[in-house]
Amino acid sequence: MTHPNPSPKPTPKPTPTPSQRAARAPDPQRVVVRRDLFWQNVMREILSALAAAAGSGGRLTPTPKGAAYSPGPIDDMFDGRLALITNFGQRIPIADIIPVFACSVPSSTEKRCISSEVQCTVYQVRTPAGEIYTLPISEIRAFHSLSEELVRTLEERAEAISGDGSAGQPFGFGAFTSLESELEESETADDA
């Protein structure tokens, strides 16, 4: 005996084609999170490479003068021509850079995961003027560098303005020495 009105079998949903899947709009929040994560990974790679280069150079000091008298060409990069731009638009020139936490903790799986999530996400940056900034990657908006041609043009203009024949000094060294002389003058005035 058959049932007079058999219940219809549910029809399976068809599998969407690749073009149908691509036509669906992605979740905007997920897109923002992925883009932020991608940017932070890019910055972490750039800053980790810079930190390795800064540590391998053999500079006498992390200053423009130390970069100028270093034995290798890599150290020339650390005279202020490379810089970070913060979310607030501040340009922070790099004379030296080190990651605050750059290692994995060889312990439990949970501790290893936590350490790998935070390693190389905060950096300490020393400027040519001696200021020190400690920045998380999330506060870095851009990486800025001056071209060799622009550095030469700036050096030529600075030399033409000063007229003191300071050729051969690294970019930014004039600003550093003026700060240094102002500090010496203020110390002399304080001693008097």
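Worth saying up front: this structure is predicted, and the values here are computed from it rather than measured.
When the side chain to side chain donor-acceptor pair (under 3.5 Å) test is applied to Q90, the partners found at least two apart in sequence or on another chain are Y133.
Of the possible donor and acceptor atoms, none in the side chain of D36 sits under 3.5 Å from a partner among the backbone N and O of S138. Under the 3.5 Å distance criterion, the side-chain polar atoms of W39 are matched with a main-chain donor or acceptor of I140.
Looking at heavy atoms from C-beta onward, L84 lies in side-chain contact with L47 at the 4.5 angstrom threshold.
Looking at every heavy atom in both residues, T86 comes nearest to R141 through O-CB, 3.5 Å. In plain terms, the two heavy atoms of R91 and L146 that are nearest each other are NH2-CG, 3.9 Å. P128 and G80 make their closest contact through CG-CA, 3.7 Å (heavy atoms, listed as atom of the first residue, atom of the second, distance).
In this structure, the separation between CZ on R30 and CG on L37 is 12.5 Å, given to the nearest 0.5 Å. Atom OG of S48 sits about 7.0 Å away from atom CD1 of I137, to the nearest 0.5 Å. Annotation: the span from E139 atom CD to Q40 atom CD amounts to 10.0 Å, rounded to 0.5 Å.
Grouping the Ile, Leu, Val, Met, Phe, Trp and Tyr side chains by contacts below 4.5 angstrom, directly or via other members, places F143 with F38. V42 and I97 fall within a single hydrophobic cluster, where Ile, Leu, Val, Met, Phe, Trp and Tyr side chains are chained together by heavy-atom contacts under 4.5 Å. L50 and V122 are assigned to two separate hydrophobic clusters, defined by single-linkage of ILVMFWY side chains at heavy-atom distances under 4.5 Å. A single hydrophobic cluster is not seen to contain both I92 and I98; linkage of ILVMFWY side chains at heavy-atom distances under 4.5 Å, directly or through other members, places them apart.
The number of heavy-atom neighbours closer than 6.0 Å to CZ of R44, taken from other residues, nucleotides and ligands shown, is above 12.
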Step-by-step side chain to side chain contact (heavy atoms under 4.5 Å, CB included) determination, Y123 to I94 | CA-CA 11 Å; Y123 286 82; I94 301 171; over 6 Å; no
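With R35 as the fixed residue, the side chain to side chain contact (heavy atoms under 4.5 Å, CB included) test singles out one of V33, V31, V32: V31.
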